[in-house]
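Below is one structure, written out as structure tokens, with a few remarks after it.
Below, each value reflects all heavy atoms present in this structure, side chains not excepted, and no hydrogens, waters or symmetry copies.
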Amino acid sequence: MISIVVPIYNEEDNVEKLFYEIKDICIKKHYDYEIIFVDDGSTDSTFGKTRKLYPLTYVRLRRNFGQTAAMDAGIKIAKGEYIITMDGDLQNDPADIPLLIEHLEENDFDVVSGWRKNRKDTIMKKFTSRVANLLRGIIVKDNIHDSGCSLKIYKKECFNGLNLYGEMHRFIPALLKIKGFTVGEVIVHHRPRIAGKTKYNWKRTFKGFVDMISVWFWNKYSVRPLHIMGSAGLICLGLGGGCGIWSIILFFCGSKMSNNIFPPLLTVFFIIIGLLMFVFGLMSDVLVKTYYGTTEDQPYSIKEIKTNHGENQ
């Protein structure tokens, strides 16, 4: 069974056409399927048009929480063995769904991300996307050309214990790769927007960059925050010790402290900052252990378990 999850927000002119395109391709390929539309607090007639569609699971959020929250809500109720996500603006082509499934199964991937190689967007949007992809390649290193493409397929177990927030839907492959899931990519179609207004703006770009830093930190130090905080603390303590030696040398050289107050101040500053960083690292280490001990999330994932019983055992 496959579950197609589509976050929608003020897409009154697109929801019906999108639904029937998804339904037609699923019927044509004889899939056992469910379609889940998550209305992220639409203020137009999206609800009125969508409630008449069948078969459809329709989730309506109380207000506009953002695309990531809407996607998370749909994923959590999905029943399919495979979960496919896509945008509600008709720019993703439902005809690419069989391509995603085939690429996933043929290569035994856990995730396959769509790559909009030939994008049908404005020059400004293309430029912003390319800059974001460049930064993501440097910081996150998920080896995905187009993480902003919502058209992706996942095995259901990918989302066990995974909660999405902010603009994290862009970085799901990176988060899953951290846990050892295999990620692939395939070129998909991208169509120009023919109705409705784009929801992307500079605020979403900024939030995406902040979340990118979060993913980087989670990848490097999610189970060992003391390594970065403690290392920074030791460096500051070392600098404080160096400034202390500098102050002592100046003192024995007959220099008046009133004329050279800078070295002692630096000594105190670096020592205090170093101690604080080290303490924060210890506290973060305790919080991480508490997090993994009280949630379903864990810093690793098991692909399979096999038990072999010999005939003589």
| task | Please work out which of the three classes, parallel, tilted or perpendicular, describes the rings of Trp115 and His145, given edges at 30° and 60°. | result | parallel
| message | Measuring from atom CG of Asp110 to atom NZ of Lys156, what distance do you get when rounded to the nearest 0.5 angstrom? | response | 14.5 Å
| message | With a 4.0 Å cut-off on N to O distance, would you call Arg193 and Glu11 a salt bridge? | response | yes
| Do you see a donor-acceptor pair shorter than 3.5 Å between the side chains of Ser150 and Gln67? | yes
| field | Candidate pair Leu90 and Lys17, rule side-chain contact (heavy atoms from CB on, under 4.5 Å), full reasoning | value | CA-CA 8 Å; Leu90 279 175; Lys17 187 175 185 338; 3.8 Å; yes
| Are any of the side-chain nitrogens in Lys76 or Asp72 under 4.0 Å away from the carboxylate oxygens of its partner? | yes
| Taking every non-hydrogen atom, the tightest pair across Asp93 and Leu151 | O-CD2, 4.2 Å
| field | Electrostatic pair Glu185-Lys177, nearest N-O below 4.0 angstrom | value | no
| Given Asp39, Asp40, Thr43, the one that forms side-chain hydrogen bond (donor to acceptor under 3.5 Å, both in side chains) with Asn64 | Asp40
| request: State yes or no: do Met1 and Ile25 share one hydrophobic cluster built from I, L, V, M, F, W and Y residues joined by side-chain heavy-atom distances below 4.5 Å, directly or via other members? | output: no
| field | Close aromatic pair by centroid cut-off 6.0 Å: Phe159 and Tyr154 | value | yes
| task | Specify whether Phe47 and Tyr58 have parallel, tilted or perpendicular ring planes, treating 30° as the upper limit for parallel and 60° as the lower limit for perpendicular. | result | tilted
| field | salt_bridge(Asp146, Arg170) N-O dist < 4.0 Å | value | no
